[in-house]
Amino acid sequence: LEASAKSEIDKAITSDELEKARVKYLGKKGELTEVLRGMGSLSPEERPIVGKVANEVRASIEASLQAAKENIKGKELQQKLKSETIDVTMPGKQFKIGKKHPLTQGMDELKDIFIGMGFKVVEGPEVDTVYYNFDALNSPKNHPSRDMSDTFYITEDILLRCHTSTVQIRTMEKLKPPIRIISPGRCFRNDTPDATHSPMFYQLEGLVVDKGITLGDLKGTLEVFVKHFFGGHTKIKFRPHNFPFTEPSAEVDASCFKCSGEGCSVCKGSGWIELLGCGMVHPNVLSNCGIDPEVYSGFAFGMGIDRLIMNKYEIDDIRLLFENDIRFLNQF
Ligand code: PHE
C-alpha cells in the first residue's frame, strides 16, 4: 500500500492530481483509513502490531505528500511567473488629470489678492429677496433695473440676484465694523446671450466699513489690486457714475495691459478697459443695516469676473466660459 501510494504521489504533476492521491489513501474512505477501521476485528495481540505499522505507513505517506506538495507548488509558481511576466520597459499609462476651469483659476487668483490685503471671503444666496437686491440698497422704486425685462423674478418678492451687492447688506446686518469682505458669486440678468453678454455671469463684490474710511482708501485698494492682477504698469482712472447704493459713485477703467506691435487687442484702440463700479457706501444703506453713518463710513466695489478673465486671457466670447468645450478648457 505504501509503495503504490508513493508511486502515485510521484506521478502527480498538478495540485489536483496530488489531492486525488491523498483522498484515495488517507481520505475518509481511503485505503489506509479502511485498514485502520478494520482493526476492531483483530485480536488484542495483533492490534498493536498492525496499529504501529499502519501509523508508520500513514506518517510516511503524509511526508511524501508534503514533499510533493511543496515541489508542485514551486513548479506552479514558476509557471505563473513565466506566463505573467511584466515588461518594465513598456511606457506607462497616461492618467488624465483634470484642471480647474479658467473662471475658477481667475477667481482663486482674485481671492488670493484680496485675502492678502486682509479681506475675508463671504458668500450669499443666489436666490434672494427684492429687499436685499434692491430696497436695502437704496434703489428707488422706479429704478429701471427692477424691471422684469432686466431681472429674473421667481415671485413678486423673490428673484435671482442681479448683483452681489446683496451680500453687502447681509454682511452689515450680521457683523459690526470694522468690516472688510469680498463676495464672489453668480449673478443673473435678463440679457440675450451674445459674445459679451450672458444671462448668468460672475461678480466679485468688495466692502470695507470702519471709522474714517475715505475715497483714498478705495483708490489705494483698487490700485494694489489691478497691479497684482494685470501687472505693475497698470494704471486706473475714475469716471463719475451713479449707483443708488454709493455716493459718490464711480466707474473705474484700467489702462491697456496687453499690447503688441499690432496694437492693443483687448482695449480696441482706446487704451482703457472698463473694470468695475464702486463708490462710498450711501448713508441710507448703512442706516438700513443698523450702522450709524455719523460714526462709520465705507466703500464698496463690484466687478464682473467673466469680463476680467476674458480680458486677461484674451477670450473673445463669454459663452466659451460656459459651454465646457474641452478644446477650449484644455488651453488653460
Ligand atoms: N452692483 C453694481 C453692479 O452690479 C456694482 C457696484 C458694486 C457698484 C458696489 C458700486 C458699489 O453694477
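In each ligand, atom 1 is the first atom listed, and ligand 1 is the first ligand listed. Since this is a predicted model, take the numbers as computed values, not measurements.
- Salt bridge annotation for Asp306-Arg186: absent, with no cationic side-chain nitrogen under 4.0 angstrom from a carboxylate oxygen.
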Give every pair formed by an N or O atom of ligand 1 and a protein N or O atom closer than 3.5 Å, one pair per line with both atom names and the distance to 0.1 Å, or write none.
residue: ligand 1; atom: 1 (N); partner: His163; partner atom: ND1; Å: 3.1
residue: ligand 1; atom: 1 (N); partner: Ser165; partner atom: OG; Å: 3.0
residue: ligand 1; atom: 4 (O); partner: Arg189; partner atom: NH2; Å: 2.9
residue: ligand 1; atom: 4 (O); partner: Gln203; partner atom: NE2; Å: 2.9

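- Rounded to the nearest 0.5 Å, atoms CD (Glu314) and CG (Asp316) are 9.5 Å apart.
- Between Phe245 and His163, the angle of the ring planes goes over 60°, which puts this pair in the perpendicular group of the 30/60° scheme.
- Here the side chains of Phe301 and Thr246 are not in contact, with every heavy-atom distance at 4.5 Å or above.
- One finds the OH atom of Tyr25 at 10.5 Å from the CG atom of Leu65 (value rounded to the nearest 0.5 Å).
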Taking it one step at a time, do Arg170 and Glu173 satisfy salt bridge (Lys or Arg N to Asp or Glu O under 4.0 Å)? CA-CA 5 Å; Arg170 290 183 170 278; Glu173 278 181 350; 5.7 Å; no

